[in-house]
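What follows is a structure written as structure tokens; I'll ask about it next.
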Amino acid sequence: MRDRMPQPLLGLEKFDLVRIVTAQGEPPWRASQLYGGLYRARAATLDRIRGLPAALRRALEQDFEVGQPAIEGQFRSADGTVRYLLRLADGQTIETVWMPEPGRDTLCISTQVGCPVDCKFCFTALLGLSRNLTAGEIVGQVLLAAPPQTPRLNIVMMGMGEPLLNLPQVIRATRLLADPEGLGLSPRRITLSTSGITPKIAELGREPVRPKLAVSLNASTEEMRERLMPITRKYKLAGLLEACRAYPLRPWERLSFEYVLLRGVNDSDQDARRVVRLLANLKCMVNLIAFNPGPGIDFQTPSPERVLAFQQILKRSFPCFIRKPRGRDIYAACGQLKRTQESECR
Ligand code: SAH
Ligand code: SF4
């Protein structure tokens with residue numbers, strides 16, 4: 001019997017695996033085999049990795065396991081969206097949302113269990129933070145929920161959690177997702193969304209392999225942003241926009257801003273005009289998200305006409321899109337992720 005818990009291999013990079021296999025007296029190229037088995041072939045157990053010598057496998061099994069999360073529940077929406085409830089090794093659960101569309105598939109993944117940022121319109125906020133996810137748990141969501149051979153796969157770190165409060169693991173996960181020997185996704189197809197943890201934006205900008213940056217703006221004045229997103233008391237809107245202006249965009253890149261429209265709160269023409277002024281001189285685009293409702297949160301969704309009128313004003317200055325609500329019927333839409341109790345899952 002083992003006297004300690006097996007360590008997960010998922011989340012380890014190539015150089016980590018080289019260290020592990022050479023410690024077993026194997027040549028370093030065995031690490032490539034292991035790496036390909038974990039991230040490209042998506043093996044759920046070590047005995048599923050082709051070509052690994054039995055002696056090495058047995059030796060590895062003494063201390064390690066693959067460490068994929070388990071699918072605890074699966075909820076399918078009328079629009080094709082699938083919300084996965086995934087169970088982690090310590091029993092915590094997270095959510096991941098698969099959104100297929102002709103020509104473009106998107107997987108929305110979580111970066112924390114719950115979230116410590118207390119945004120007043122968000123259901124994940126009601127959970128508080130349990131813990132950060134490891135890089136292996138972040139990548140594990142992609143291995144489980146994105147069908148292999150999805151040529152136009154986009155990953156958005158917009159599920160549960162604030163990615164910039166878990167930056168080292170988020171960056172490690174991004175390297176694993178982008179590595180041509182692993183999942184081989186272009187960093188152009190990976191996006192991270194933040195509520196605006198200002199000092200971490202500069203830190204992100206210094207990473208050689210990093211996702212695209214999206215910032216949740218959600219208000220047109222400092223006062224309103226503070227009311228909706230109390231984190232703004234610490235990280236002011238002015239400083240946030242300054243960090244955005246200083247952010248080193250790659251030649252092909254544009255900043256994205258998200259704006260949740262709440263009826264009668266932040267959705268007036270005047271708000272739209274203020275957003276235009278705030279974002280002036282930024283190479284950016286804006287995604288509007290009509291509030292996704294649910295029990296326990298008291299905001300209202302604006303009318304489709306109001307959303308269109310808001311978009312018209314922004315469109316004169318930069319590209320502005322309305323994010324289609326996906327899977328609202330199964331609570332999979334933006335801001336609706338909240339650990340579902342087992343009794344609710346069936
Ligand atoms: N923590 C990160 C990413 C997760 S939230 C962030 O806040 O950016 C992803 C997006 O969902 C954010 O833009 C957030 O503003 C939005 N959102 C949160 N609750 C929502 C709700 N109830 N309806 C619509 N969008 C919501
Ligand atoms: Fe956290 Fe984002 Fe929800 Fe705010 S909107 S509570 S940062 S998940």
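Numbering starts at 1 and runs along the sequence shown. Counting starts at 1 for both ligands and their atoms, following the listed order. It should be emphasised that the depicted structure is a prediction, and the values quoted were computed from it without experimental measurement.
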Using a strict cut-off of 4.0 Å, indicate which atoms of ligand 1 neighbour a heavy atom of Thr194.
->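 Result: 6 (C), 8 (O).
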
Atoms of ligand 1, numbered as shown, that sit under 4.0 Å from any heavy atom of Val260 |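 In order of number, 15 (O), 16 (C), 17 (N), 24 (C), 25 (N), 26 (C).
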
Heavy-atom nearest neighbour in the protein, as seen from atom 12 (C) of ligand 1, with distance rounded to 0.1 Å =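 Answer, as residue, atom name and distance: Ser216 OG, 3.2 Å.
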
Can you establish whether the number of heavy atoms outside Arg250 located under 6.0 Å from its atom CZ is more than 12?
->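 Count over threshold, so yes.
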
Residue and atom name of the nearest protein heavy atom (relative to atom 5 (S) of ligand 1), distance in Å to one decimal =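 Of the protein heavy atoms, Met158 O, 4.0 Å lies nearest.
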
Side chain Gln169, main chain Ala135, donor-acceptor under 3.5 Å =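 Judged by distance alone, yes, a pair lies under 3.5 Å.
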
Part of Asn218 within contact of ligand 1 (heavy atoms, under 4.0 Å) =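 It is the side chain that touches ligand 1; the backbone stays farther off.
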
Which ligand 1 atoms, with their elements, are less than 4.0 angstrom from a heavy-atom of Glu162?
->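 Numbered from 1, ligand 1 contributes 1 (N), 2 (C).
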
Which is closest to atom 8 (S) of ligand 2 by heavy-atom distance: Pro116, Ser216, Cys115?
->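 Selected option, by shortest heavy-atom distance: Cys115.
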
Pair Arg83 + Glu95: basic N to acidic O under 4.0 Å =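 Looking at Glu95 together with Arg83, the answer is yes, because their closest N to O distance falls below 4.0 Å.
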
To the nearest 0.1 Å, how far is atom 22 (N) of ligand 1 from its closest protein heavy atom, and which atom is that?
->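 Going by distance alone, atom 22 (N) of ligand 1 is nearest to Phe121 O, 2.8 Å.
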
Side-chain heavy-atom pair Arg263, Arg306 within 4.5 angstrom cut-off =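 A side-chain contact is absent here, since even the closest heavy-atom pair is not under 4.5 Å.
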
Verify the neighbour count for atom CZ of Arg104: are there more than 12 heavy atoms of other residues, nucleotides or ligands below 6.0 Å?
->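 No.
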
Do the non-hydrogen side-chain atoms of Cys108 and Met157 ever get within less than 4.5 Å of each other?
->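 Cys108 does not reach Met157 side chain to side chain.
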
Could you find the nearest protein heavy atom to atom 11 (O) of ligand 1 and give me its residue, atom name and distance?
->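 For this ligand atom, the closest protein heavy atom is Cys334 CB, 3.7 Å.
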
Of all the heavy-atom pairs spanning Val265 and Met224, show the shortest one and how long it is.
->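 Taking every non-hydrogen atom into account, O-CE, 3.3 Å.
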
Which residue and non-hydrogen atom of the protein lie closest to atom 4 (C) of ligand 1, and at what distance in Å?
->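 The closest heavy atom on the protein side is Gly159 O, 3.3 Å.
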
So which heavy atom in the protein is nearest atom 3 (Fe) of ligand 2, and how far is it from that ligand atom?
->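 Looking at atom 3 (Fe) of ligand 2, the protein heavy atom closest to it is Cys122 SG, 2.4 Å.
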
Heavy atoms, side chains only, cut-off 4.5 Å: are Glu258 and Met158 in contact?
->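 Result yes, sub-4.5 Å side-chain heavy-atom pair found.
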
When rounded to the nearest 0.5 angstrom, what distance separates CG in Asp90 from CZ in Arg131?
->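 Reported to 0.5 Å precision, the distance equals 4.0 Å.
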
Shortest protein contact, atom 19 (N) of ligand 1 (heavy atom only) |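 Heavy-atom neighbour on the protein nearest atom 19 (N) of ligand 1: Gly335 CA, 3.1 Å.
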
Relative to ligand 2, is Cys119 under 4.0 angstrom through side chain, backbone, both or neither, heavy atoms considered?
->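 The answer is both.
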
Report the part of Asn292 (side chain from C-beta onward, or backbone N, CA, C, O) that has a heavy atom under 4.0 Å from ligand 1; answer both or neither where that applies.
->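 Looking at Asn292 and ligand 1, atoms from backbone and side chain both fall under 4.0 Å.
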
For Ser195, take its heavy atoms, then give the atoms of ligand 2 lying under 4.0 Å from any of them.
->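 Answer, ordered by atom number: 7 (S).
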
Below 6.0 angstrom between ring centroids: does that apply to Tyr259 and Phe310?
->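 Yes, they do, as the ring centres are separated by less than 6.0 Å.
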
Give a yes/no verdict on whether any heavy atom in Cys115 is under 4.0 Å from an atom of ligand 1.
->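 No, Cys115 has no heavy atoms under 4.0 Å from ligand 1.
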
Passing option when Leu192 is tested against Ile155, Thr111, Val170, Val215 for side chain to side chain contact (heavy atoms under 4.5 Å, CB included) =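 Exactly one option meets the side chain to side chain contact (heavy atoms under 4.5 Å, CB included) with Leu192, and it is Val170.
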
First locate atom CG of Leu165, then atom OG1 of Thr194, and finally report the distance between them rounded to the nearest 0.5 Å.
->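 It comes to 7.0 Å.
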
Look at atom 2 (C) of ligand 1 and say which protein heavy atom is nearest, naming residue and atom and giving the distance to 0.1 Å.
->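 Among all protein heavy atoms, the one nearest atom 2 (C) of ligand 1 is Ser193 O, 3.2 Å.
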
Nearest neighbour in protein (non-hydrogen) for atom 10 (C) of ligand 1 |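 Nearest neighbour among protein heavy atoms for atom 10 (C) of ligand 1, to 0.1 Å: Glu258 OE2, 4.0 Å.
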
Identity and distance of the protein heavy atom lying nearest atom 2 (Fe) of ligand 2 =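 Scanning the protein heavy atoms, the shortest distance from atom 2 (Fe) of ligand 2 goes to Gly161 O, 4.5 Å.
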
How far does CG of Leu183 sit from CZ of Arg189, to the nearest 0.5 angstrom?
->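 CZ of Arg189 is found 14.0 Å from CG of Leu183.
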
Which residue owns the protein heavy atom closest to atom 6 (S) of ligand 2, what's the atom, and how far is it?
->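 Checked against all protein heavy atoms, atom 6 (S) of ligand 2 sits closest to Val117 O, 2.7 Å.
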
Under 4.0 Å from a heavy atom of Gly161: give me the atoms of ligand 1 that qualify, with their elements.
->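 Per the distance check, 1 (N), 2 (C), 3 (C), 4 (C).
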
